[in-house]
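The structure appears right after this line, and notes come after that.
We count ligands from 1, going down the list as the structure has it; atoms in each ligand are counted the same way.
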Amino acid sequence: MAILANMKNKEVASVFGEIADLLEINGEQAFRVNSYRRVARTVKDLTKDIEELSRDGGLAALQGVGKASAERIQEYLTTGKIAMHQDLMAAMPAGLPALLKISGMGPKKVALVWKSLNVTGIEDLKRAIASGEFAALKGMGAKSVEQIAKGIELLENSAGRTPLGLAWPLAEELADAMRAVKGVRRVEIAGSLRRGAETIGDLDLLCEADDGAIIVGAFTTLPQVKRVLANGDTKGSVLVERRDGADIQVDCRVVPGESFGAALQYFTGSKEHNVRLREIASKKGWKLNEWGLFDGDKRLAGTDEAGIYEKLGVPFVSPEQREDRGEFDLREIEPLIELSDIRGDLHCHTTASDGTADAEAMARAACDRGYEYIAITDHSKSSAVANGLAIDRMWRQIEMVRSLNKKFDKITLLVGCECDILADGSMDYPDNLLAACDFVVASVHSAMKQSRDKVTGRILSAIENPYVTLVGHPTTRLINRREPMDLDMEAVISKAAETQTALELNSSWQRLDLCDRHVRMAVEAGVKIAIDTDAHSIAQFDQMRYGIATARRGWVRAKDVINTLHLPLLRKWIAKKRSR
Ligand code: DGT
Ligand code: CA
Ligand code: CA
Ligand code: ZN
């Protein structure tokens with residue numbers, strides 16, 4: 001429920017943000033633009049459901065929301081759009097708003113290229129970059145244009161791939177809808193989603209049933225379907241709208257029970273893993289396909305996945321490990337970490353900095369999840385946009401969290417902070433303040449474009465600080481939106497191993513940082529991982545499963561992760577580095 005409520009708030013905030021962008025491109029006066037931005041921010045930070053608020057007549061009472069804005073919010077809630085927003089879009093070249101999606105292109109720059117070079121879309125912009133005209137404009141330079149060119153590349157490479165956090169809830173919704181169809185005995189999600197990949201090309205559903213055509217018919221007429229791409233006897237393909245408005249393709253296949261395991265194995269992939277598996281079958285003189293494992297006409301396996309691996313004499317690895325990254329060489333299967341192994345969240349934000357719930361509400365929510373502990377880690381003073389805590393505020397926060405802790409008996413609140421690693425590699429808080437915290441996350445939030453040596457050096461000096469227990473989102477990448485920093489990961493990993501510093505696997509689906517490969521490198525070097533959510537709201541605690549999926553792709557076991565420890569052992573682990 002909370003997630004749904006939040007979604008409407010998010011939609012309204014994003015439409016108002018777009019209105020502000022469009023007005024700014026049109027050269028409207030700053031105060032007018034800012035008034036829309038203010039509404040966007042207020043609505044985004046709102047802890048209440050906006051629909052509820054509007055029913056209670058509370059819209060106009062919101063800070064920064066005037067009568068006109070309140071009416072526009074109302075308009076959105078009733079009709080799903082705002083006429084003024086549509087008019088603004090209609091009044092400018094259709095390709096122009098898309099330029100805002102390019103990293104580095106704000107409304108001012110969009111207006112600049114439009115007015116001075118008559119650029120009206122991405123292709124125009126690419127030409128203006130190639131010809132040097134863009135860099136020659138007043139206020140532009142080679143460096144910022146280069147950054148924008150990279151932004152275009154990133155956008156084009158990511159086009160079509162859906163982040164895990166948008167794909168997974170949608171896949172579950174569709175799988176549930178298919179489970180409710182009469183005649184369907186079993187539904188599984190296959191493909192890259194079952195493998196826990198960070199982005200998903202299309203969704204793959206598998207249904208067990210007898211009459212394929214009827215089931216495919218039910219699939220292609222689900223209420224979620226926007227367009228039907230294919231409609232056959234055993235397979236249907238459709239387009240479905242994502243939460244953010246883009247489309248994603250969904251394939252649905254119907255198979256009989258005797259082939260369900262073979263089909264699940266085949267359509268889970270990866271392709272590389274399947275190619276290897278088929279080779280192993282053919283070396284034995286057998287044939288493996290989506291219908292089963294066969295010796296001539298004789299069916300050897302196929303009803304369940306495990307049977308196929310067993311017959312082939314290959315370890316039955318988890319879907320997340322099926323990438324042909326060495327899984328065929330495993331002699332014994334070690335269980336990978338599971339969501340239920342997690343005993344606490346070590347990175348979250350409250351209203352003290354940029355979160356939407358206060359420490360008490362966050363702790364209560366963590367307690368409801370059955371966690372043993374939670375570290376409250378708000379931003380430090382230099383994170384001004386995130387309302388980071390100045391030193392005196394941080395001292396008061398430490399007192400506040402300690403006394404709040406006395407109110408809880410089932411969960412322990414660890415006093416923490418997310419301390420910025422500044423551009424020169426120093427920490428944003430002095431050591432005595434860090435020492436007063438139980439738990440310190442150190443993260444880069446600025447100057448991410450520095451050279452490889454510089455950014456690596458910054459992380460290394462943070463790791464050397466005795467009070468830093470964890471490096472937060474080490475590469476600072478944002479999936480589909482921002483490249484990782486140019487980090488010497490091997491150097492970071494070896495310094496972390498040497499100093500007993502943990503590295504984060506940030507579970508936010510926009511980050512998933514460290515990524516699967518890096519997390520595997522770290523664990524193989526003996527570095528401990530913290531899998532946490534960086535939650536800025538109660539609902540975001542649910543992101544833990546994305547981190548767990550990524551960890552499993554990195555072959556992580558429960559013992560590699562510090563927040564699988566019971567609290568006394570976790571405290572002991574933290575103390576070890578501090579006492580060195
Ligand atoms: P995606 O959708 O790009 O995120 O990645 P997948 O892995 O879901 O790929 P998809 O949807 O094209 O196909 C699903 C699975 O079906 C894939 O992981 C393996 C299997 N598959 C598809 N095409 C082939 C193929 O040509 N050869 C083999 N061996 N397997 C295939
Ligand atoms: Ca797929
Ligand atoms: Ca597919
Ligand atoms: Zn954070």
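- Side-chain atoms of Gln249 and Asp251 form a donor-acceptor pair, as typed in the model, at a separation below 3.5 Å.
- Nearest N/O/S atom of Glu418 relative to the Zn ion (ligand 4): this is OE1.
- The structure places CG of Asp534 at 4.5 Å from CG of Asn506, a figure rounded to the nearest 0.5 Å.
- The contact set between ligand 1 and Ile200, taken as ligand atoms under 4.0 Å from a residue heavy atom, comprises 4 (O).
- Put simply, His347 gets within reach of the Zn ion (ligand 4), with an N, O or S atom under 2.8 Å from it.
- Polar contact check, Ser192 against ligand 1: a nitrogen or oxygen pair lies under 3.5 Å apart.
- The Ca ion (ligand 3) has Asp202 OD1, Asp202 OD2, Asp204 OD1, Asp251 OD2 as protein N, O or S atoms under 3.0 Å away.
- For the residue pair Lys495 / Thr501, no side-chain donor-acceptor distance below 3.5 Å is found, with atom types taken as modelled.
- Here the protein heavy atom with the shortest distance to atom 18 (O) of ligand 1 is Gly269 CA, 3.2 Å.
- Side chain to side chain, Asn274 and Gln265 meet the donor-acceptor criterion of an N or O pair below 3.5 Å.
- Protein heavy atom nearest atom 15 (C) of ligand 1, with residue, atom name and distance: Phe267 O, 3.3 Å.
- Ligand 1 places these atoms under 4.0 Å from at least one heavy atom of Arg195: 7 (O), 18 (O).
- Within ligand 1, the atoms closer than 4.0 Å to a non-hydrogen atom of Thr268 are 18 (O), numbered from 1 in the order shown.
- Residues Thr268 and Arg322 have side chains that never bring a donor and an acceptor to within less than 3.5 angstrom of each other.
- Of all atoms in ligand 1, numbered sequentially from 1 with element shown, those under 4.0 Å from a heavy atom of Asn274 are 19 (C), 29 (N), 30 (N).
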Handout entry: Stepwise side chain to side chain contact (heavy atoms under 4.5 Å, CB included) check, Leu346 with Thr469
Key = CA-CA 10 Å; Leu346 293 171; Thr469 305; over 6 Å; no
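- Distance check, rounded to the nearest 0.5 Å: CG of Leu404 to CE of Met362 gives 12.5 Å.
- Remark: the Asp378 side chain and the Thr350 side chain contain an N/O donor-acceptor pair separated by less than 3.5 Å.
- Note that NE2 of His518 is 11.5 Å distant from CD1 of Ile529, once rounded to the nearest 0.5 Å.
- Counting the atoms of ligand 1 from 1 in the order shown, those under 4.0 Å from a heavy atom of Gly201 are 1 (P), 2 (O), 3 (O), 4 (O).
- Less than 4.0 angstrom separates atom 6 (P) of ligand 1 from at least one non-hydrogen atom of the protein.
- Using modelled atom types, one finds no donor on one side chain facing an acceptor on the other under 3.5 Å when comparing Asp420 with Ser382.
- Remark: ligand 1 atoms within the under-4.0 Å shell around heavy atoms of Arg278 are 27 (N), 28 (C), 29 (N).
- Contact check on Glu272 versus Arg195 returns no salt bridge, with no Lys/Arg side-chain nitrogen under 4.0 Å from an Asp/Glu carboxylate oxygen.
- At least one N or O atom of Arg161 sits closer than 3.5 Å to an N or O atom of ligand 1.
- Which parts of ligand 1 touch Asp204 is read off a 4.0 Å heavy-atom cut-off, strictly below it: atoms 8 (O), 11 (O), 14 (C).
- Scanning the protein for heavy atoms near atom 25 (C) of ligand 1, the closest one is Lys271 CE, 3.5 Å.
- Ring-plane geometry between His473 and His347 is classed as tilted, the angle between the planes lying from 30 to 60 degrees on a 0 to 90 degree scale.
- Looking only at N/O/S atoms, Asp534 comes nearest to the Zn ion (ligand 4) through OD1.
- Among the atoms of His379, no N, O or S atom is found under 2.8 Å from the Zn ion (ligand 4).
- Distances below 4.0 Å separate heavy atoms of Asp202 from the following atoms of ligand 1: 2 (O), 11 (O).
- Judged by distance alone, the side chains of Arg242 and Thr162 do bring a donor and an acceptor atom under 3.5 Å apart.
- In the model, Asp345 has no side-chain atom that pairs as donor or acceptor with a side-chain atom of Asn563 under 3.5 Å.
- Inside a 4.0 Å radius of atom 9 (O) of ligand 1 there is not any protein heavy atom.
- With no hydrogens or angles considered, a side-chain donor-acceptor pair links Ser443 and Glu418 at under 3.5 Å.
- In terms of protein heavy atoms, atom 23 (N) of ligand 1 is closest to Tyr266 OH, 4.3 Å.
- The salt bridge (Lys or Arg N to Asp or Glu O under 4.0 Å) with Glu198 is formed by just one residue from the set Arg161, Arg553, Arg477, Arg511; it is Arg477.
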